[in-house]
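Bear in mind that the values here come from a model prediction, so they are computed numbers and not experimental data. No hydrogens, no waters, no symmetry mates; every other heavy atom, side chains included, goes into these values. To find a chain, count down the sequence lines: A is the first, B the second, and so on, and within it residues start at 1.
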Amino acid sequence: MRPDVSVTDKTRIDRYDPAAIEPRWQQRWAELGLHHTDLRDTSRPRYYLLTMYPYPSGDLHIGHWYIKTPTDAIARYRRMNGLNVFFPIGFDAFGLPAENAAIKHGIHPADWTMRNIENMRRQLRSMGATFDWAAEVVTCEPEYYRWNQWLFLKFLDAGLAYRAMAPVDWCPKDQVVLAREQVEGADRHCWRCGTPVIKRDLEQWFFRITKYADELLRFDGIDWPEPVRVMQTNWIGRSEGAEVAFTVAPDEHQPGGDELRVFTTRPDTLFGATFMVLAPEHPLVAKLTHPAQREAVERYQYEARRKSEIDRLSTEREKTGVPLGAHAINPVNGERIPIWIADYVLLGYGTGAIMAVPAHDERDYAFAVKFGLPIRQVIAPADPEVAARVAEEVARGAAGGAAFVAHSEDEVMVNSGPYSGRTASDGFAAIVADLQARGQGHPAVTYRIRDWLISRQRYWGTPIPVVYCERDGIVGVPEDQLPVMLPRDVDFKVTGESPLKANEAFLRTTCPRCGGPATRETDTMDTFVDSSWYWWRYLSPHKDDGPIDSGLEAAWCPVDQYTGGAEHAVMHLLYSRFFAKALADLGLVHEREPFRRLFNQGQILGADGERMSKSRGNVQDPDELVARYGADTVRLFLMFMGPWDQGGPWSSTGIGGVSRFLNRVWTAVLDPAGVEAGDPDAGLLPPGERVADGERTLLVAAHRTLKLVTAEYEGYRFNTMVAHLMELTNVLMRYRGTPVAGSAAWDGAVDLLLHMLAPSAPHISEELWSRLLEARGEPWRSIHTDPWPAWDEALVAEDTIELPVQVNGRLRDRVRVAAGLSPAEIETIVLGREKVRAVLGDRAPDRVIHVPGRLVNIVVR
RNA sequence: GCCGAGGUGGCGGAAUAGGUAGACGCGCUAGCUUCAGGAGCUAGUGCCCGCAAGGGCGUAUGGGUUCGACUCCCUUCCUCGGUACCA
């Protein structure tokens with residue numbers, strides 16, 4: 001038992017010194033292999049907990065801790081709940097910063113990366129996190145990227161990887177192409193360095209993510225945050241409509257007959273199409289242009305191209321365009337309408353051509369007004385009165401230029417020949433059906449999402465395993481010749497071409513098919529390829545006869561819980577879902593969704609409210625805080641700051657409160673009999689309370705706290721979880737030094753407190769627990785292998801309740817009543833209360849609203 | 001513009017099947033204790049009036065529903081994230 005001391009003596013117990021206890025327990029846990037997961041163990045339910053693996057930028061900042069600490073608490077909590085938890089970690093080790101460091105400081109990317117990884121391993125260990133280091137994956141190791149190459153070849157065989165010439169986004173600073181998803185903001189800047197991107201025509205490798213566009217829109221069976229699903233859905237951008245074929249009319253300069261296909265979501269407005277617009281780069285432009293317009297058209301094409309490179313910042317772009325001097329025939333009414341080119345029509349979307357319906361489309365309207373093109377209303381509100389008013393406005397405005405008619409519900413078609421009078425949705429179907437019957441159109445679906453551009457003109461990435469043979473063209477490197485090793489010796493220069501291009505030994509090779517001379521592909525893969533499948537590799541990081549162990553995959557996938565930032569909503573998370581579907585189709589995995597449940601924690605910003613980055617100088621170093629307060633305090637403070645999904649600017653204000661809390665826990669557990677000088681009530685129970693009452697109060701508080709804390713862990717509401725533990729500790733401290741402190745109730749409450757604290761502040765909990773066990777003469781066992789405690793329902797149940805009493809909705813009194821009383825009994829008590837009678841005066845209550853257990857509200861006139 | 005999230009004390013934040021607004025913590029004030037302490041303890045702390053008892057006001061804004069609204073509905077204004085002529 002604990003020493004029996006009844007006077008204050010500060011020297012009697014050790015001071016809480018995290019620096020002394022934390023490394024000791026970390027080492028002990030590692031020795032015991034407490035966090036190594038036996039993946040073959042099927043005796044307990046599995047729990048695959050994944051946190052987004054970090055980029056080894058060199059230093060862990062407080063943001064990493066904010067991401068990882070609560071996730072580690074979840075891992076520990078689930079283990080105490082009896083689950084076989086797999087909680088791996090690794091490094092997203094390829095990527096540009098390493099290469100930029102090489103250019104700037106002359107350090108080889110491999111050395112820079114491995115040195116950073118070493119430091120980050122140390123820092124991650126200092127958190128006391130329970131990562132299973134045996135499963136670690138480092139993506140720049142050949143044993144990892146070899147399988148990137150292997151998967152690439154499978155994709156190539158399956159038609160999921162292809163090479164194409166396309167206008168692509170190019171970052172002039174990083175000298176590299178970017179995937180569409182990696183271009184951000186109105187000014188279209190590089191996601192990594194912020195430089196505005198430009199367009200270049202290049203031949204590049206793509207992954208055919210669009211093949212899965214429809215499936216990616218379904219989120220069946222997965223529990224993901226709504227905002228991420230919305231972002232992905234918007235990014236994929238499915239629109240349903242029709243493709244309609246217009247025929248080019250004969251003119252004196254060309255015979256006509258060419259087909260111009262347009263995509264529209266509103267085929268019901270076809271009668272309102274008064275002109276057509278092609279993208280400036282549309283392939284038929286040159287052929288259709290009238291000689292008299294040739295100069296103007298070519299100048300416009302040149303300008304449009306230049307503009308797409310330079311002048312991207314103007315949001316409110318004035319409509320521009322040039323007529324080709326050619327015409328098309330509207331398939332529904334045979335009308336001849338002029339064909340224009342304009343840069344508001346994009347080649348890459350739909351068919352690169354539109355029918356313009358200026359009366360009902362704002363962009364077409366602006367264009368028509370600017371160039372004096374006809375505007376014809378073809379839909380109107382269903383209500384005749386409203387329709388008449390709109391018609392009048394249109395008639396009046398036609399001269400003034402205000403003829404735009406917005407869409408409305410239940411609108412009907414007008415000025416549309418045989419279709420006039422039908423509802424728009426009815427007409428939509430009818431027109432498409434009629435066009436289809438005549439072979440001039442059909443229903444169609446278009447997507448905004450493009451195929452994933454994976455080529456990168458840089459060194460520090462996975463070489464794309466392909467050679468170019470003079471005779472056989474593009475040839476994949478045979479599987480048995482993998483990996484295509486990244487050579488170590490290259491010159492790091494920013495040239496816009498991969499440094500591999502200058503490495504003759506790498507470049508020159510022979511064709512695996514004909515044995516003739518060939519050159520290697522010198523582009524490397526986007527590092528998002530690495531991160532699109534790493535969680536499968538964690539299961540068997542050293543497997544050398546395939547990327548994924550199918551037996552373990554079947555047992556452990558999909559990932560039960562994934563945690564990470566929402567900034568990857570349309571990059572990493574979309575690519576990963578694509579990989580799951582592609583790999584399932586290749587028979588490599590059995591699940592088509594990778595992550596069953598996703599949680600997006602918030603982001604910690606610098607104190608200035610900006611993203612933490614070295615260049616801004618606003619990074620908070622956790623090592624400093626750990627040295628001063630200990631890992632447990634830092635962990636708990638990050639969890640206590642606010643809701644985990646919220647994040648916010650960093651501020652260490654208040655960390656002292658958490659530190660104080662742990663010191664109080666320390667004091668309460670090790671020195672229950674002690675009292676503090678300066679406390680006038682030291683050693684005294686609250687007035688009128690007996691020891692037995694105090695014991696019960698304490699035990700009730702502990703069990704109620706356990707019930708609450710359990711729910712908070714389940715819901716990842718760590719800030720309120722910590723608050724409950726603080727409250728319980730405050731109750732303990734109130735009884736410290738009193739006879740209650742020596743009781744079994746006290747010991748029970750302390751045991752519960754330590755177990756509840758264990759997942760979040762693992763070191764202090766383990767330390768205090770070991771001391772308690774020793775004092776009780778029990779053999780040591782880790783608190784982290786103990787089961788999560790169960791609360792006693794009898795103690796949790798309330799025997800008396802406090803009811804607020806309102807009169808006309810305003811709080812006037814509170815009464816404490818026994819829990820079992822009938823509503824009538826309670827109302828009698830309430831109406832007899834002095835304060836209530838004073839407010840009521842001589843008025844009789846009109847109504848008494850009594851919500852059992854919640855409140856009583858007396859209504860009087 | 002459009003889509004999404006959110007506006008609560010001096011500060012971080014609690015509380016939403018509608019039911020005591022401000023838990024917990026920071027900060028601040030006063031007192032106690034200590035050789036000393038940017039240590040510990042006790043009490044107080046939304047704002048206004050008041051010695052007090054007590055009263056009034058209060059969850060971005062204005063309205064509505066209700067016995068009762070931080071919570072539900074509508075208006076407006078701000079902040080953050082996504083998206084940018086997607087036909």
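R448(A) comes within 4.0 angstrom of a nucleotide base, judged by non-hydrogen atoms across all strands. As judged by a 4.0 angstrom heavy-atom cut-off over every strand, S239(A) is placed among residues touching the sugar-phosphate backbone only. Among the protein residues, R812(A) comes within range of the sugar-phosphate backbone only, with heavy atoms under 4.0 Å from sugar or phosphate atoms but none that close to a base. Within 4.0 Å of E802(A), counting heavy atoms only, lies at least one base atom of the nucleic acid. Within the nucleic acid shown, V851(A) comes within 4.0 Å of at least one base atom, counting heavy atoms only. Using a 4.0 Å heavy-atom criterion, one finds that R628(A) contacts the bases of the nucleic acid, with or without backbone contacts as well. Across all strands, V345(A) comes closer than 4.0 Å to base atoms (heavy-atom distances). Among the heavy atoms of the strands lying under 4.0 Å from Q806(A) is at least one base atom, whether or not backbone atoms are also near. Using a 4.0 Å heavy-atom criterion, one finds that N730(A) contacts the sugar-phosphate atoms exclusively. Counting any heavy atom pair closer than 4.0 Å across all strands shown, N234(A) reaches sugar-phosphate atoms only and no base atom.
With both ends at atom P, the span from rC26(B) to rA39(B) equals 12 Å, rounded to whole Å. Look at the P atom in both rA87(B) and rC78(B): the space between them is 29 Å, to the nearest Å. Separating the C1' atom of rC80(B) from that of rA30(B) is a span of 41 Å, rounded to the nearest Å. Nucleotides rU33(B) and rG25(B) have their C1' atoms positioned 24 Å apart, rounded to a whole Å. Using atom P as the reference point in both rG68(B) and rA84(B), the two lie 48 Å apart (nearest Å). Across the P atoms, rG58(B) and rG13(B) are found 25 Å apart, a figure rounded to whole Å. A distance of about 16 Å separates the P atoms of rG10(B) and rG22(B), rounded to the whole Å.
Nucleotide rG82(B) holds its P atom 11 Å from the CH2 atom of W235(A), rounded to whole Å. The distance between atom CG of D169(A) and atom P of rA84(B), rounded to the nearest whole Å, is 10 Å. Atom P of nucleotide rG25(B) and atom CG of L638(A) are separated by 18 Å, given to the nearest angstrom. Nucleotide rU66(B) holds its C1' atom 13 Å from the CG atom of N808(A), rounded to whole Å. Here the P atom of nucleotide rG25(B) and the CE atom of M639(A) are 17 Å apart, to the nearest Å.
For rC57(B), the paired base is rG46(B) (Watson-Crick or G-U wobble, both distances below 3.5 Å). Nucleotide rC80(B) has rG4(B) as its partner under the Watson-Crick or G-U criteria, with both atom distances under 3.5 Å. The partner of rA39(B) is absent, by the rule that a Watson-Crick or G-U pair needs both atom distances under 3.5 Å. When Watson-Crick and G-U wobble pairs are counted only if both distances are under 3.5 Å, rC72(B) pairs with rG64(B).
Side-chain nitrogen and oxygen atoms of R664(A) include at least one within less than 4.0 Å of the OP1 or OP2 phosphate oxygen of rC41(B). Neither OP1 nor OP2 of rG68(B) sits under 4.0 Å from any side-chain N or O of R854(A). Dashed line: the shortest gap from a side-chain N or O of Q646(A) to OP1 or OP2 of rG13(B) is under 4.0 Å. Under 4.0 angstrom from either OP1 or OP2 of rA14(B) there lies at least one side-chain N or O belonging to N719(A). Contact check, R810(A) against rC57(B): a side-chain N or O comes under 4.0 Å of OP1 or OP2.
If you check rA87(B), rA14(B), rG19(B) against the side chain of I849(A), the one that comes closest is rG19(B). Listed candidates were rC24(B), rA87(B), rC85(B). Nearest to the side chain of A723(A) is rC24(B). You'll find that the side chain of T265(A) is closest to rA87(B), out of rA14(B), rA87(B), rC67(B). With rG25(B), rC85(B), rA87(B) as the choices, the nucleotide that has an atom nearest any side-chain atom of K319(A) turns out to be rC85(B).
Of the residues I826(A), L831(A), V815(A), the one that meets the side chain to side chain contact (heavy atoms under 4.5 Å, CB included) test with V805(A) is V815(A).
Between W666(A) and Y16(A), the ring planes are tilted. Angles from 30° to 60° get that label. The aromatic rings of Y349(A) and F263(A) lie perpendicular to each other, with more than 60° between the two planes, well past the 30° mark.
In this structure, W340(A) has its ring center under 6.0 Å from that of F371(A).
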**Request:** Evaluate side-chain hydrogen bond (donor to acceptor under 3.5 Å, both in side chains) for Y629(A) paired with S652(A), printing each intermediate quantity in order.
**Result:** CA-CA 11 Å; Y629(A) 296 100; S652(A) 62; over 6 Å; no

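Geometrically, R635(A) does not engage F718(A) in a cation-pi contact, judged by NZ or CZ lying under 6.0 Å from the ring centre and within 45° of the ring axis.
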